[in-house]
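In what follows, every chain begins at residue 1, and chains take the letters A, B, ... in the order their sequences are listed. For clarity, every value in this text was computed on a predicted model and none was experimentally measured.
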Amino acid sequence: MSEQTPQPKPASEDPKYRYTAGLAADIEPKWQAYWAKNHTFEVPNHPADMSEPKAYILDMFPYPSGAGLHVGHPLGYIATDVLGRYKVMTGHHVLHTIGMDAFGLAAEQYAVEHGVHPRISTERNIARYREQIQRIGFGHDTRRGVSTIDVPFYKWTQWIFLQIFDSWYDQEADRARPIATLIAQFADGTRATPDGRAWDALSAQEQAAVVDSFRLAYIAEAPVNWCPGLGTVLSNEEVTADGRSERGNFPVFKRNLRQWMMRITEYADRLLSDLDRLDWPEPIKLQQRNWIGRSEGARVHFPVTAVDGSEKTIEIFTTRPDTLFGATYMVLAPEHDLVDSFVARAWPTGTKPAWTGGHATPAEAVAAYRAQAAAKTEVERQTEGRQKTGVFTGTFAVNPVNGEGVPVFIADYVLMGYGTGAIMAVPAHDQRDFEFARAFDLPMRIVVAPPADWPQDVAEWTQSYDSKTAQITDSANDEISLEGLPVPAAIRAISEWLQNKGIGEGTVTYRLRDWLFSRQRYWGEPFPIVYAVDGPDAGIARALPESMLPLELPEVDDFSPKTFEAGDVTSAPEPPLSRAADWVNVTLDLGDGPRQYRRETNTMPQWAGSCWYYLRYLSPDDDSRFVEAEAEKYWMGPRSAEDTGGVDLYVGGAEHAVLHLLYARFWHKVLFDLGHVTSAEPFRKLFNQGMIQGASYTDAREVYVPADQVEEIDGVFYYQGEKVTQHFGKIGKSLKNVVSPDEMIDEYSADTLRIYEMSLGPLDMSKPWDTRASIGSFRFLQRLWRNIVDEESGEVTVTGAEPDEATLRILHKTIDGTRNDMEGMRFNTAISKLIELNNHLTRLPAVPRAAAETLVVLTAPFAPHIAEELWSRLGHTDTVAHAAYPVADPAYLVDETVTCVVQVAGKVKDRLEVAPDIADEALRELALASEGVQRALEGRGVRTVIVRAPKLVNVVPA
RNA sequence: GUCCGAGUGGCGGAAUGGCAGACGCGCUAGCUUGAGGUGCUAGUGCCCGUUAAGGGUGUGGGGGUUCAAGUCCCCCCUCGGACACCA
């Protein structure tokens, strides 16, 4: 393999004052320094006049990995910068900055692998990111770019946690309120305690248990996702569809563990309904709606006799109460706590062999099935496909609509976490029940009339009939008949009947679960929570007072979590902080004298900081409040009764559709309810930028080869003479196709990178990266430069002459067109208009100053460095960043003549130059007389003539 | 499987229902230069027409609405993404 060292070109090759990478390397840092020195992009927390126009433009802040930025990362940052600079030039206060999301698993994993403290590696990564970002030349207010790991920042993350901890959701007021208001209700008797005793009669422990059951942040013993390979638990959102961790791809198991939870489910309805008020892409709204998963249905009580003879009720949830008459069996989740009470002593007569799982008694069968279900990982559940499994409990419940006995099963296709963890099975009209019934030889009953071409005998069906519109059949008792009703009407009728009879009621359930909020990791915010070691309140979670914040992470010898064999189900989490004995065991005075406490040793998940960082940008130095009230009101406050408020534009990838965006909305709503912010939503408008895809290449062994060393010959790709295959997809180290922004800046310029990224195509679509094509953007800048500066002498060559008519027209059309494109974030078409104007100026014998200056101003948001340099060379002493964006003169937007297209039968046959105000009749005559029409008609008559003066005439032949 | 999004030259893409392919890459030819990656000019959807004039054809496939469809409606195909036993 021969080493190819690029030969530096002799300096004499290019004219001295040509716009080259070398020249750009001089001017770009110069102007970056100028902006910093002159505070060009710094804005006050709020202006004296709160009505002045503003734009709060926000990027999803990056997670600084060790690999640094590649060219895909800055796409959104460049777009927001272009828009922000445009907004400044149209008279807005613009708040735009970038912070760092630096706590979390990936940073910690990296630190563990490289054997350094997470803070050291993270800060190194941040410095690298900042350096790369700086070179691109953003108009950021850098004073505001906070990092989530900064102690003054996470002090307020902890403070917000305590706000949530100290709140409950008041259903009557439909908002969160301080927990003290709840305690007051219990104390004065307006709210009854769960068991009806007086509040004072409850012990401290009992009172705490009651209050905790209302807190928005609470500890619960719940089935959680335990990931031994990472040594931590994960939220549902962090587990992939095939039951593995999103980070690291380790197996995940369901375990019952004591963990911190956030009661996000209280907000399910508002998180859902407020989506309608947001200016977000529909697909993202849809994903959130699906994730929240609101579903209306009914709860129905099925009586059952327990083994001890007592009468119990199995409560089921169904969206189809209209099919109650078709229920032929019931299923409970294996973990359902009622199961034990009615597992029969022996198999009843008539039990089919398939129902017993081969066990001698129901108790054995149930125990075996439960053990098997618990040992199963999510992965195994998936890989085993949808084979329905389960066992009979030996007991029959009673269908309340017809008094029939229905066998009760347990099966893992019913999930404990949804609805009531129990279902009535209607195999004829639900595909899952159908499959189970077929596997277990259970009867089916048709209660929704299928189309005529379905077999009469349900035994011949190959699938269930799940229509939600057809008519009900064969469904009546002495009191009610659903016969012939369409499904929706039947649902209403039976629901009312159930309600009146007291055997059920209409209800709403959600797919959304409470948010698992604790992690057994070192690199996160410590919980500001302690537990008394002894006394009547021993073990009760207690908030640290605000005066004790921030609670800093302790230094530890071993910050890595205890991880386990990836498949070790029996392992239990062991947080690294629990090993910091001096930190964990403390004596504090929390108002009742010095006492011994034990600190919470879990840390918060990565999402905590990203739930509110955009608020901290508004007043990063305020150490008395998490956000200055006036600043929040100015930048984020609602502008009308319907407006939710929030940042004006939030740009980022669609991969955060549910996780980050849902969590942040939840926190924001709590802060709103408690009166800490005036905006009801954090992000008024959301925009998802598309992914930049890179070409990667694999050789015959399917191994990736360095993309930058692949040659293309006649559409075939070669690496070191070997044929390789091209793929398009993500850019990444392992794919060997990383192009860094630094390489682009070294080879061309930051302005070239910016222009090229914005020219690629519409911002919201994914598009392939092609480094070679960026030469076009470079040429544009080079020609722009050449139109103003003599490449040999460096002299400015523009003339003082007035621009000619044609130049004025294209100039004003460009102004008009780019303005529209900027407002609509169509940066690709805005740039093509600038190129057209520039190409027009190139063809002139000399460039008029007025045209040159306008073009420089229009180009400034995209290529700010070259624009500043030209602006300065043109004699200006102020920054072009603050120049006013030009306004088009309407007089130049209409042409003296327009080209009229003349069609025959919809096909273009001629063109006419006509006055823009030509009358329909005159145009009609001109068109009919035209040569092209005469030739095309070939003597045929004319049936109709459509005239759309002045642009088009369509002649329809007879 | 369900739900979203997208299919236009060799490539990225452009087109209020009204001239399809703006702008850029690449390619071809010429110029320039101190011969070689980044200067300038012109041409460039495809087919027929030796040149030209001109004609035909063309936006994943099929049907429809319309004087007129890349654009609106219905069916299908392909690719990308999200979710996935949610009762």
Residues A:R819, A:E823; criterion salt bridge (charged side-chain N to carboxylate O under 4.0 Å, His left out); working and verdict: CA-CA 6 Å; A:R819 250 184 194 271; A:E823 296 288 346; 5.2 Å; no
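- Here B:G39 presents its C1' atom at 11 Å from CZ of A:F778, a figure rounded to the nearest Å.
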Worked verdict on A:D895 versus A:K813 for salt bridge (charged side-chain N to carboxylate O under 4.0 Å, His left out): CA-CA 10 Å; A:D895 287 311; A:K813 281 181 185 169; 2.8 Å; yes
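- Taking atom NE2 of A:H840 as the reference point, atom P of B:C23 lies 14 Å away to the nearest angstrom.
- For the pairing with A:K730, the side chain to side chain contact (heavy atoms under 4.5 Å, CB included) check across A:N737, A:I692, A:L735 returns one residue only, A:L735.
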Per-nucleotide pairing state of RNA chain B [Watson-Crick or G-U, under 3.5 Å; [ ] pseudoknot-crossing; | other strand]: (((((((..(((.....[....)))((((((.......))))))((((.....))))..(((((..]....))))))))))))....
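- Under the 6.0 Å distance and 45° angle rule, A:R511 counts as a cation-pi partner of A:W291.
- The listed nucleotides are B:G13, B:G18, B:A22; the one nearest the side chain of A:K767 is B:G13.
- Here CD1 of A:I78 is found 10.5 Å from CD of A:Q689. Values are rounded to the nearest 0.5 Å.
- Among residues two or more places apart in sequence or in another chain, the ring-ring contact (aromatic ring centres under 6.0 Å, His included) test is passed with A:F778 by A:Y19, A:Y748.
- A donor-acceptor pair is defined here as one N or O able to donate and one able to accept, closer than 3.5 Å; such a pair exists between the side chain of A:Q288 and the backbone of A:A657.
- Using atom P as the reference point in both B:U32 and B:C25, the two lie 22 Å apart (nearest Å).
- Using a 4.0 Å cut-off between a side-chain N of Lys or Arg and a carboxylate O of Asp or Glu, A:R786 and A:E791 qualify as a salt bridge.
- Between A:A21 and A:A905, the one whose closest nucleotide on RNA chain B sits nearer the 5' end is A:A21.
- Side chain of A:I775, nearest nucleotide from B:C85, B:G39, B:C67: B:G39.
- Straight-line distance from the CG atom of A:D770 to the C1' atom of B:C11: 8 Å, rounded to whole Å.
- Summarising the local packing, CZ of A:R289 is surrounded by more than 12 heavy atoms from other residues, nucleotides or ligands at distances under 6.0 Å.
- Within the nucleic acid shown, A:T20 has no heavy atom closer than 4.0 Å to any nucleic acid atom.
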Between protein and nucleotides 40-47 of chain B, what N or O pairs are separated by less than 3.5 Å?
{"from": "B:C40", "atom 1": "OP1", "to": "A:R783", "atom 2": "NE", "distance (Å)": "3.3"}
{"from": "B:C40", "atom 1": "OP1", "to": "A:R786", "atom 2": "NH1", "distance (Å)": "3.0"}

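- A donor-acceptor contact under 3.5 Å is formed by the side chain of A:R911 with the base of B:C19.
- Residue A:L760 is in sugar-phosphate contact alone, with no base atom involved, counting any heavy-atom pair closer than 4.0 Å across all strands shown.
- Atom P of nucleotide B:A82 and atom CG of A:L659 are separated by 12 Å, given to the nearest angstrom.
- Here the side chain of A:P768 is nearest to one of B:G18, B:A84, B:G12, namely B:G12.
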Can you give me the N/O atom pairs linking the protein to nucleotides 77-80 of chain B at distances under 3.5 Å, or say none if there are none?
none

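- In this structure, A:T318 reaches the sugar-phosphate backbone alone: every heavy-atom distance under 4.0 Å involves primed, P, OP1 or OP2 atoms, never a base.
- Side-chain to base pairing of A:K951 with B:C19: no donor and acceptor N or O lie closer than 3.5 Å to each other.
- Of the candidates B:G13, B:C85, B:G18, B:G13 carries the atom nearest the A:P762 side chain, counting heavy atoms from C-beta on.
- Taking atom NE2 of residue A:H656 and atom P of nucleotide B:C83, one finds them 13 Å apart after rounding to whole Å.
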Footprint string (nucleotides 1-6 of chain B, 5' to 3'): B base within contact, S backbone only, - free, heavy atoms under 4.0 Å: --SS--
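- The line from CG of A:L324 to CG of A:L498 is 6.0 Å long, rounded to the nearest 0.5 Å.
- Using a 4.0 Å heavy-atom distance criterion, A:T944 is classed as making no nucleic acid contact.
- Picking from B:A84, B:A15, B:A87 the nucleotide with the shortest atom distance to the side chain of A:R511 gives B:A84.
- Considering CG of A:L23 and CD of A:Q782, their distance stands at 10.0 Å, rounded to 0.5 Å.
- Checking the phosphate oxygens (OP1, OP2) of B:G12, no side-chain nitrogen or oxygen of A:N828 falls inside 4.0 Å.
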Trace of the ring-ring contact (aromatic ring centres under 6.0 Å, His included) decision for A:Y756 with A:W769: CA-CA 10 Å; A:Y756 179 60; A:W769 178 265; 5.0 Å; yes
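- When the options A:I316, A:V414, A:N399, A:I423 are evaluated for a side chain to side chain contact (heavy atoms under 4.5 Å, CB included) with A:M330, the one that passes is A:I316.
- For the pair A:E282 and A:K285, the salt-bridge criterion is met [side-chain N within less than 4.0 Å of a carboxylate O].
- Which of B:A68, B:A87, B:A22 sits closest to the side chain of A:N954 comes down to B:A68.
- Among the nucleotides B:G24, B:G12, B:C67, the one closest to the side chain of A:I835 is B:G24.
- Classification of B:G9 as syn follows from a glycosidic angle within 90° of 0.
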Might you list the N or O atoms of the protein lying below 3.5 Å from N or O atoms in nucleotides 55-57 of chain B, with each pair's distance?
{"from": "B:U57", "atom 1": "OP2", "to": "A:K907", "atom 2": "NZ", "distance (Å)": "3.3"}

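- The distance between atom CG of A:L75 and atom C1' of B:G12, rounded to the nearest whole Å, is 14 Å.
- When the C1' atom of B:U66 is taken as reference, atom CD1 of A:I946 falls 10 Å away, rounded to whole Å.
- In this entry the distance linking CG of A:D433 with P of B:A87 reads 12 Å, nearest Å.
- Around atom NZ of A:K951, no more than 12 heavy atoms belonging to other residues, nucleotides or ligands sit under 6.0 Å away.
- OP1 or OP2 of B:C23 has not a single side-chain nitrogen or oxygen of A:S759 nearer than 4.0 Å.
- As judged by a 4.0 angstrom heavy-atom cut-off over every strand, A:E791 is placed among residues making no nucleic acid contact.
- Comparing B:G5 with B:U57, their C1' atoms are spaced 31 Å from each other, to the whole Å.
- With distances taken from any side-chain atom of A:Q903 to the nucleotides B:A87, B:C23, B:G18, the minimum falls on B:G18.
- Counting any heavy atom pair closer than 4.0 Å across all strands shown, A:N839 reaches sugar-phosphate atoms only and no base atom.
- Across the P atoms, B:A35 and B:G26 are found 23 Å apart, a figure rounded to whole Å.
- In this structure, the side chain of A:Q934 engages the main chain of A:L928 through a donor-acceptor pair within 3.5 Å.
- Seen from the ring of A:F436, A:K388 does not count as a face-on cation partner, given the 6.0 Å and 45° thresholds.
- Along RNA chain B, the nucleotide closest to A:M424 and the one closest to A:T899 are compared, and the more 5′ of them pairs with A:T899.
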